[in-house]
Novice: 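Here you go, one structure.
Side-chain atoms are counted along with the backbone in the values below, which use heavy atoms only and exclude waters and symmetry mates. In the text below, chain A, chain B and the rest are named by the order of the sequence lines, each starting its count at 1.
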Protein chains: 2
Amino acid sequence: MSPRRRATQVDIARAAGVSQATVSLVISGGHGSEQVAEHTRTAVLDAATRLGYSVNTAARSLKGGRNHILGLYTFESVFPTDQRDFYYPFLLGVERATAEVGYDLLLFSSVTPGPRRIYSDGINRLKVADGCVLLGRQVDHADLAELVRDDFPFVFVGRRELPGVELSYVAPDYGTATRDLVLRLTGLGHRRLAYLRPDDDQEPTRDREAGFRAGVADAGLPDQPVHVLPVGSSPPVDQVLDLLSGPLTMLLTTWRADGVTALLVDPGENDRTIAALEQVAVRAGVRIPADLSVVLLGEPSPPLSARGADAELVSTRDWTRFTLPREGLGRAAVHLLLDLLDDGPARQLTVPCLPVEGDTVCPPPVGAGA
Amino acid sequence: MSPRRRATQVDIARAAGVSQATVSLVISGGHGSEQVAEHTRTAVLDAATRLGYSVNTAARSLKGGRNHILGLYTFESVFPTDQRDFYYPFLLGVERATAEVGYDLLLFSSVTPGPRRIYSDGINRLKVADGCVLLGRQVDHADLAELVRDDFPFVFVGRRELPGVELSYVAPDYGTATRDLVLRLTGLGHRRLAYLRPDDDQEPTRDREAGFRAGVADAGLPDQPVHVLPVGSSPPVDQVLDLLSGPLTMLLTTWRADGVTALLVDPGENDRTIAALEQVAVRAGVRIPADLSVVLLGEPSPPLSARGADAELVSTRDWTRFTLPREGLGRAAVHLLLDLLDDGPARQLTVPCLPVEGDTVCPPPVGAGA
DNA sequence: CTGAAAGCGCTTACAG
DNA sequence: CTGAAAGCGCTTACAG
C-alpha cells in the first residue's frame, strides 16, 4: 500500500545505469531500439520489469507519438436501444477491425445536451485518439471543417462532401447495387420500369438514381420515368399514410396506364414509403409481384419500433432488395483510417451492397410491355 | 490546407494580451476561473473561440488532470460473437452509465497473442483512462496485484479476492437469490430439499451454497443434503453426458429414496448439468416438476452455441431460476469507479438477481414428505 | 487579480 | 553506440 510513485524512465535509467534517453530508445522500440547494444537493452528491460514500469501514454502522445487508440464518434446518440440496434453492426465492424490491427477503441459517447458536437466548449475530445471514425447523419459541418483545419485524421462512414476539401469516407456502393437490380429486372423481360425516390438531395439518393439510369442504358432501353415523391424524407410517422396514399394511388394508376411492369423504390431514410405502397397496392387491386414487380433499394423500416399507431405502417414482406454491409463498412473505415495515420492520401472507398433475393420480383405478366 | 499548428494557450495568451497561466485558469474552469476579472475572462474566451482552440487532453492528463475517460478491460476476448453475446449486456450497462456521467469509454480490445494480460511488454495500457472496469473469469492475479501496487483505480465485475488487499467489485447477490428460492419452495410445502453444486471452490459457488443453508435455516428446517457433482465445472462438451449420467442417475435414486421433493441446482460456469439432469430424469421416469421441483441457480447454457454433437445437451425448458442483472452490474461498476476516482474508499457492492418464474416448480406430490 | 516558473514523462534531433 | 538538452501543452503552487 506504499503510495509509491509509478516508475518512470528516469527510475529505470538510474537502476540500469544509463541515460533516460537510452531507456526511451529501448522502450519505444522501433528504429532506435536496434541501435542500442544488446547488453544495454537487456539491462534496461530487466530494470523495467523489476520496477513494474509502464509507459505514460499521455506523455507519449504529448510528444506527438501514437497512442494506439482509434476513436469512434457518433453524431446521433447511440442510445436508446433501437438506434443502438441500427448502429450495432457498424460498431461491431469497427471494434473488430480495431482490435485486429492492435489498437484500442475509444467510444466518444459522453452525453452533451443538445445536438452532438465535436467541439463543445472549444474542446476537441477526439484528439485523445490517433484518429477517428465518424458516424451519423446529422453531421455538423462546422465541426467537420474544424477537424480538417486541425489536420486531424478521420474517416466518415457514408459519403460526405465538404466544398473544397477531399474527405475520406467509406460508403455503400448504391449505384452498382441499383444498376444490378435494373439488369435483373430487364433480364426477366421487363421493358417498362418506373423509379420512385424521396424528395431530398442527399448523396445516397443521387447515387441510386444514377445507378438506375446507368442500368437502363446498359440494358439498351430508352430513358425510363423517374418520380419524385412529393413528401420529405421523414414525415411524422402518424401522418405518413395520409400524406403518401394520395400521391401513391395516382402514381400507381399512371404506371398501369403506361404499361409499367416493374418499380424500383428508393426508401430514403427511416422511411415508410414501402409499407404505404404495399397498402395502397392492395386497395388498388395491384398484386405484387404478379402485376407489378417491386424492388427496394435498401432496407425496409425496421419492424423493431413497430408499436402503437406506427405498427400499421411496417411492411413484413420479403422485398427483393439489397442491404448495407454495415459491419464491412465499419471494418473498411478502420483500415482506411490506418492508412491515413501512415500519411496515406485522403481516399473514398465504396463497399458492395449485398443483394437479397426476396419474393417481390417475377417476369412481367403475359401480354404486358411493348 | 495551410499546415497551421493547432492553437495553444500560448497563442491565446498572445492574442488576448495576458499570460498563458491566466489562459489556463480561464479555460480549465474550476476554482481558478472565478478569480479572474470578468473582462480578462471574456477576452481570453473570445480569443480562444477566434483561434478555434481546443485543449490538448494529453498535456492536461500529463499534469495529473483527468482525462474523462473510463476504460473497460476484458480478460477474455470479447469476440467471437457468442462470447460477445454473453458480454453484451455488461458492455451496454457500462457504456450507458459512462455516457450518463459525462465520460467517454475506452474499450481495451487490442488483440495480444495468448491469454490476455494487462501488463504486456511491461506496459500498462489501462492508464490512458482515469480508471477501469474489469471483466472476465480468467483473471491474471499478477496483473491485479500490479494494478493495486500502481494505485490505479479499478472495479471488478464479479466478486474477486486478493489476499491482503481490499478490491472494489460489484457482484450479483447469489446468496440472497438462492435463499429466496429456498423459501419459495418451503412456502409451497417442500420439506426435503437437495442441493447440487459443481466441484469447484469459486466465490459464486460458495455464495450460493451459503444462501441455501441460510434459507433452510430461515425455514426452520434441519440441515439438508448438499451433493457435489464429482465432475469439474467445464468438462469437454462431447463427454459431458457420459460423465454426468452415471452420477446423476445415482443421485436421483438416492433423492427418491430420501423423500426429496425439490432440488436446487448450481449450474456452475458454462455448464450442461441442467440439460443432462433433464435427460436423466426422463429416462428414470422422474417427472419435473410433478415428482420433483427443480430450481436453477443461474442461467442454463446458452442455446446459441447449440450445434452438432452439442445440440442434444441444450435444455429448452423454462426453468424456475434467477438471472444476473448484467446491465445493472455494468452500471453499478461505473458508479463505483466514479466514487473511487473521487478518492472514495474501496467498496464491494452486491446487486440483486432477478427471479424468473419458469414452470419447473410446484407443490410436492400428495403423500410425499415427512 | 495576474504573471513567472517549474515540472508532468516522454521523444527526437543532435553531439560526441 | 550513448548522453545532454530541448520541448510537446498544460496545471499549479508561489510571488507580486
Novice: Looking at residues at least two apart in the chain, or sitting in another chain, which of them share a side chain to side chain contact (heavy atoms under 4.5 Å, CB included) with B:Gln20?
Specialist: B:Gln9, B:Val10, B:Ala13, B:Ser24
Novice: Can you list the residues that meet the side chain to side chain contact (heavy atoms under 4.5 Å, CB included) rule with B:Thr350, with sequence neighbours excluded?
Specialist: B:Asp173
Novice: Where the side chain of B:Ala59 is defined as all heavy atoms beyond and including C-beta, which of C:dG9, C:dG3, D:dC10 is the nearest nucleotide?
Specialist: D:dC10
Novice: Identify whether any heavy atom of B:Val10 sits under 4.0 Å from a base atom; if not, whether one sits that close to sugar-phosphate; answer base, sugar-phosphate or nothing.
Specialist: nothing
Novice: Let me know the distance between CG of B:Leu25 and P of D:dC14, rounded to the nearest Å.
Specialist: 15 Å
Novice: Which nucleotide, C:dT12, D:dG9, C:dT2, lies nearest any side-chain atom of B:Thr8?
Specialist: D:dG9
Novice: If the condition is side chain to side chain contact (heavy atoms under 4.5 Å, CB included), which residues does B:Leu349 pass it with, not counting sequence neighbours?
Specialist: B:Val170, B:Leu336, B:Arg347
Novice: Could you tell me the separation between the CZ atom of B:Arg41 and the C1' atom of C:dT2, rounded to a whole number of Å?
Specialist: 15 Å
Novice: Please tabulate, one pair per line, each protein N/O and nucleotide N/O from nucleotides 4-7 of chain D that are separated by under 3.5 Å, including the distance.
Specialist:
{"residue": "D:dG7", "atom": "N2", "partner": "A:Lys63", "partner atom": "NZ", "Å": "3.3"}

Novice: With pairs defined as Watson-Crick or G-U wobble and both distances under 3.5 angstrom, please note down DNA chain C as a dot-bracket string, | for pairing with another strand.
Specialist: |||.||||||||.|||
Novice: Compare the minimum distances between each of C:dT11, D:dT2, D:dT11 and the side chain of A:Thr22, then state the nucleotide with the smallest one.
Specialist: D:dT2
Novice: Nearest 0.5 angstrom please: B:Thr98 OG1 to B:Glu100 CD, how far?
Specialist: 9.0 Å
Novice: Which atoms form the tightest heavy-atom contact between A:Leu105 and B:Leu106, and what is the distance?
Specialist: O-CD1, 3.3 Å
Novice: According to a strict under-4.0 Å criterion, is B:Thr40 in side-chain N/O contact with OP1 or OP2 of C:dT2?
Specialist: yes
Novice: To the side chain of B:Gln9, which of D:dT2, C:dC10, D:dC10 is closest?
Specialist: D:dC10
Novice: Among residues at least two apart in sequence or on other chains, which ones pass side chain to side chain donor-acceptor pair (under 3.5 Å) with B:Thr42?
Specialist: none
Novice: Under the side chain to side chain contact (heavy atoms under 4.5 Å, CB included) test, which residues partner A:Ala21, sequence neighbours left out?
Specialist: A:Ser19
Novice: Give the rounded distance in Å between these two atoms: CD1 of A:Ile12 and P of C:dC10.
Specialist: 8 Å
Novice: Quick one: pull up CG in A:Leu107 and OG1 in A:Thr74 and give me the separation to the nearest 0.5 Å.
Specialist: 7.5 Å
Novice: When rounded to the nearest 0.5 angstrom, what is the spacing between CG in A:Leu72 and CG in A:Leu91?
Specialist: 6.0 Å
